[in-house]
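This report refers to the structure that appears directly beneath it.
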Amino acid sequence: MREILSIHVGQCGNQIADRFWRLVLREHGLNEAGVPKDGGHASAANSNMEVFFHKVREGKYVPRAVLVDLEPGVIARIEGGDMSQLFDEGSIVRKIPGAANNWARGYNIEGERVIDQVMNVVDSAVEKTKALQGFLVTHSIGGGSGSGLGSLILEKLRSAYPKKKIFTFSVVPSPLISDSAVEPYNAVLTLHRMLNNADAAVVLDNEALFRIAKAKLRRSPNYMDLNHIIALIMSSVTASLRFPGKLNTDLGEFVTNLVPFPGNHFLTASFAPMRATGQEQGRIEFADLAKETFAQENFTAAIDWTGVYLAACALFRGDVRAKEVDENMAAIRKTLNYASYLPAQGGLKLGVAETAPEGFASSGLALVNHTGIAAVFERLVSQFDIMFDNHAYTHWYEGAGVSRDAMSAARNAIASLAKSYRDAS
Amino acid sequence: MDSALEKQIATAAHAVEDARRRAHYDPASIGELIEQMSVLADLRQKEGDFRKAESLYREALFRVQETRKPDQALIAGIWSLIAHLNDRWGRMDEAAKAYEKALEIGEKHGLHDSDAIATIKNNLAVIFKTLRDNAKAERYYNEALDSFRRLHGENCAQVASIYNNLGVLHYSGLDVERAQEMHEKALAIRQRLGEDQLDPNDLSQTYINLGAVYKATGDFQKAEECLERAKSLRAANGSYRPRPRRAASLLIDSAAAWR
């Protein structure tokens, strides 16, 4: 069956869940209660529903999802909205009083109270699978819950399920827009755990998403638009598992192809063609689609493109022909500046799935491992250093059980990660 | 895994899920959730999945602490279950810490003279014996013995169990005379117990332990008699029926095996 369990942590992680599950429901022909819209099995026949859904009885599907937050607001809105009948309430973990933007509270104090409940719910969801492939984790790494508790969940998942793939979709603090002063601390501490416990992490920054959305939607985007882009990327990563296609890829293949060195598993992504929800999409020439998929301005993190590509994957969905894919991607491959030690003709993993996201005739997804991701880490480490060297805000972390030594160790690990990316050029 | 256990686990897991859903809407039904989790945790240990069992107990612990008036006896009980689990898992240091935590909570909340606290003291002694700290083990056994005596008098199953455990402790410390004294006390009590209090396996174990002691003193005839009595008492165990537990049960040390 190759099921995937999604774990959404914190306010941002659950806002992404809201958009993501709406999209997946539409892709599988289900309504907001998890019931087939056509009342029958037509949608199910063309897709592997079991990857993302657990069939509880004839005509009723429940997402393989765990929703976790340390403050109940976002989850309460999901539970009270039009998807109120969708999720299994036993898989929802919401607590008070929140992590107060402090990684250490999310990881230690609040995390300790809630982690066993989360793991029990995860264990229970895993037991409902036949051949679990892995986990998708959505969270932000700048806040308190998604970062601190998210880190703890990653550690526990890795320890409990060492052979399963862990894919994170991690929203990193933007270069210019900041939600809180302590974001660099939270981000660096979380990246350290992602480095040690995730198999692949798709780095997303709100500023890049905002720029993409604004350019493509031709209006001022809101968070729902940004989360919709993330949802499209998440959906496309798993499309090959859920829909028939000529070139299938699964999480394991993505990881094998995208991670050339241990620890260098931080990716950036792009989706094309970008459009607003409800905006009609006409047929697009494949050459244009492929070009847009790999256009630098479409990638979801502010990386330094002067570096080199270490690896790339492309997954096209919908009305695309294998011959077109081969021809165009060979040309695109030549334009990508790969590290000199990688094979000239290889290094670009391809996948094709027959079904496009709802409203699209065809779509493209690129997942890229590029040395320029070092810029994200360097920026965060530099912001971290300025505060840390002046002992600013560190008392909040020490008070919640994270010493300056532990913070320093995380900082050094991420600085080394950035260097390892630069060295790989 | 044996299929009967597999079925029991599936049923218990289902019951936990249902209870979890109810607790999501109604915090008053947390108690039911905790009971179901304790059943599942027990089965998980039987299955050998200690990680999942520990996670269930720890969730139960935090759930109880979140209630408006946390039941301190229950919290101490869950700590003792966590300790018991760690003991079975072979994590003796963790087990000792958890028993000590249970003891601390119990004593802080006026549960000094209770079966639960006496049981924890006995179990802590077993852990210290395993950690080869016989002095601490003896101290805790004696404290447990005093408590059980005060609570139930001399002739009760719990006092017999402590004598048995003290016998095993002395035997392991090569103090055969004191071991014999303790096992004979245990036997005397167990022979007097009514059917409702007596576990035939405990009586049989006493004969085995006493047999080992007699053998060590060179009295082979008595040793042989004890062994024969033990053999005749060893009836097959009934089928396993897990029940919700609020605390770890009394650990009976059976280390002085017949050779």
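For clarity, every value in this text was computed on a predicted model and none was experimentally measured. Numbered from 1 within each chain, the chains take letters A, B, ... in sequence-line order.
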Worksheet item: In terms of side-chain geometry, is the basic nitrogen of B:E17 or A:K128 positioned less than 4.0 Å from the acidic oxygen of its partner?
Response: yes
Response to the item:
Whatever's closer than 4.5 Å to a heavy atom in chain A on B:R63 counts as side chain
Worksheet item: What is the distance from atom CG of B:L56 to atom CG of A:D116, rounded to the nearest 0.5 Å?
Response: 8.5 Å
Worksheet item: Between A:N120 (side chain) and B:S55 (backbone), is there a donor-acceptor pair under 3.5 Å?
Response: yes
Discussion item. Report, in residue-number order, which members of residues 138-151 of chain B are under 4.5 Å from chain A by heavy-atom distance.
Written reply: none
Discussion item. Counting only heavy atoms not in B:H109 (residues, nucleotides, ligands), do more than 12 fall under 6.0 Å from its NE2?
Written reply: yes
Worksheet item: Would A:E127 and B:R44 pass as an ion pair if we require N to O under 4.0 Å?
Response: yes
Worksheet, complete the sentence: Between B:F62 and A:E112, the two heavy atoms sitting closest are CE1-O, 3.5 Å
Practice prompt. Take atom CH2 of A:W396 as the centre, draw a 6.0 Å sphere, and report whether it contains more than 12 heavy atoms from other residues, nucleotides or ligands.
Written response: no
Worksheet entry | Close side-chain approach of A:Q117 to B:R58, heavy-atom, < 4.5 Å | no
Worksheet item: Side chains of B:R20 and A:E89: closer than 4.5 Å at any heavy-atom pair?
Response: no
Worksheet entry | A:R113 with B:E59: basic N within carboxylate O range, under 4.0 Å | no
Worksheet item: Any side-chain heavy atom of B:E66 sitting closer than 4.5 Å to one from A:K95?
Response: yes
Worksheet entry | Rounded distance (nearest 0.5 Å) linking atom CZ of B:R21 with atom OG of A:S91 | 7.5 Å
Worksheet entry | 4.5 Å side-chain heavy-atom contact, B:H24 and A:E79 | yes
Discussion item. Is B:Q65 in contact with chain A via its backbone, its side chain, both, or neither, using a 4.5 Å heavy-atom distance?
Written reply: neither
